[in-house]
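Take a look at the structure set out below.
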Amino acid sequence: MKVVDTGARILEGALHRDFIPTLCQHCDQAECLAACPVECIYTETDGSVQIRGELCTGCGACLTACPLA
């Protein structure tokens with residue numbers, strides 16, 4: 001997950017800053033899927049990208065491959 005910093009700004013006279021999480025976008029050509037060394041990432045019939053948590057080793061290859069992470 002990538003967290004986007006919107007930057008500092010003044011809101012109602014006070015300094016304000018937002019951090020917005022960017023979650024999986026379920027890409028049609030999911031680069032994370034190809035990068036996973038244990039093949040725990042798959043595309044469901046509805047097009048959603050899923051992870052078999054019990055197979056995941058936590059290596060981070062999917063995050064490295066994801067253009068949105």
Side-chain angles (χ1 to χ4, degrees):
M1 173 176 65
K2 177 181 180 181
V3 178
V4 177
D5 178 1
T6 62
R9 64 184 180 186
I10 302 297
L11 184 65
E12 297 179 4
L15 184 62
H16 186 76
R17 182 174 225 153
D18 288 316
F19 297 92
I20 303 169
T22 303
L23 303 175
C24 181
Q25 299 298 301
H26 304 281
C27 303
D28 290 333
Q29 304 292 313
E31 294 181 31
C32 59
L33 194 149
C36 181
V38 294
E39 300 179 352
C40 71
I41 303 172
Y42 65 100
T43 303
E44 193 62 74
T45 56
D46 64 1
S48 65
V49 176
Q50 302 293 320
I51 299 174
R52 292 181 188 94
E54 69 277 5
L55 299 178
C56 179
T57 62
C59 71
C62 55
L63 290 174
T64 302
C66 179
L68 303 173

Residue pair C27 / V49: nearest heavy atoms and the distance that separates them: O-CG2, 4.0 Å
Qualifying residues under side-chain contact (heavy atoms from CB on, under 4.5 Å), relative to P37, sequence neighbours excluded: C59, A61
L11 CG to R17 CZ distance, which is reported to the nearest 0.5 Å: 14.0 Å
Within residues 54-69 or reaching into it, pairs that qualify as side-chain hydrogen bond (donor to acceptor under 3.5 Å, both in side chains) - sequence neighbours excluded: none
Residue list, side-chain contact (heavy atoms from CB on, under 4.5 Å) with L33, at least two apart or on another chain: A30, I41, T43
Flag side-chain contact, heavy atom, 4.5 Å: E39 against L55: no
L15: hydrophobic cluster co-members (side-chain, 4.5 Å): I10
Which residues share a side-chain hydrogen bond (donor to acceptor under 3.5 Å, both in side chains) with D28, sequence neighbours left out: none
Closest contact, heavy atoms only, E31 versus A65: OE1-O, 3.2 Å
For S48, side-chain hydrogen bond (donor to acceptor under 3.5 Å, both in side chains) partners two or more places apart: D46, Q50
Side-chain heavy-atom pair C36, C62 within 4.5 angstrom cut-off: no
Minimum heavy-atom distance L68-Q25, with the two atoms named: CD1-CG, 3.2 Å
Neighbour count above 12 (heavy atom, 6.0 Å) for Q29 CD: no
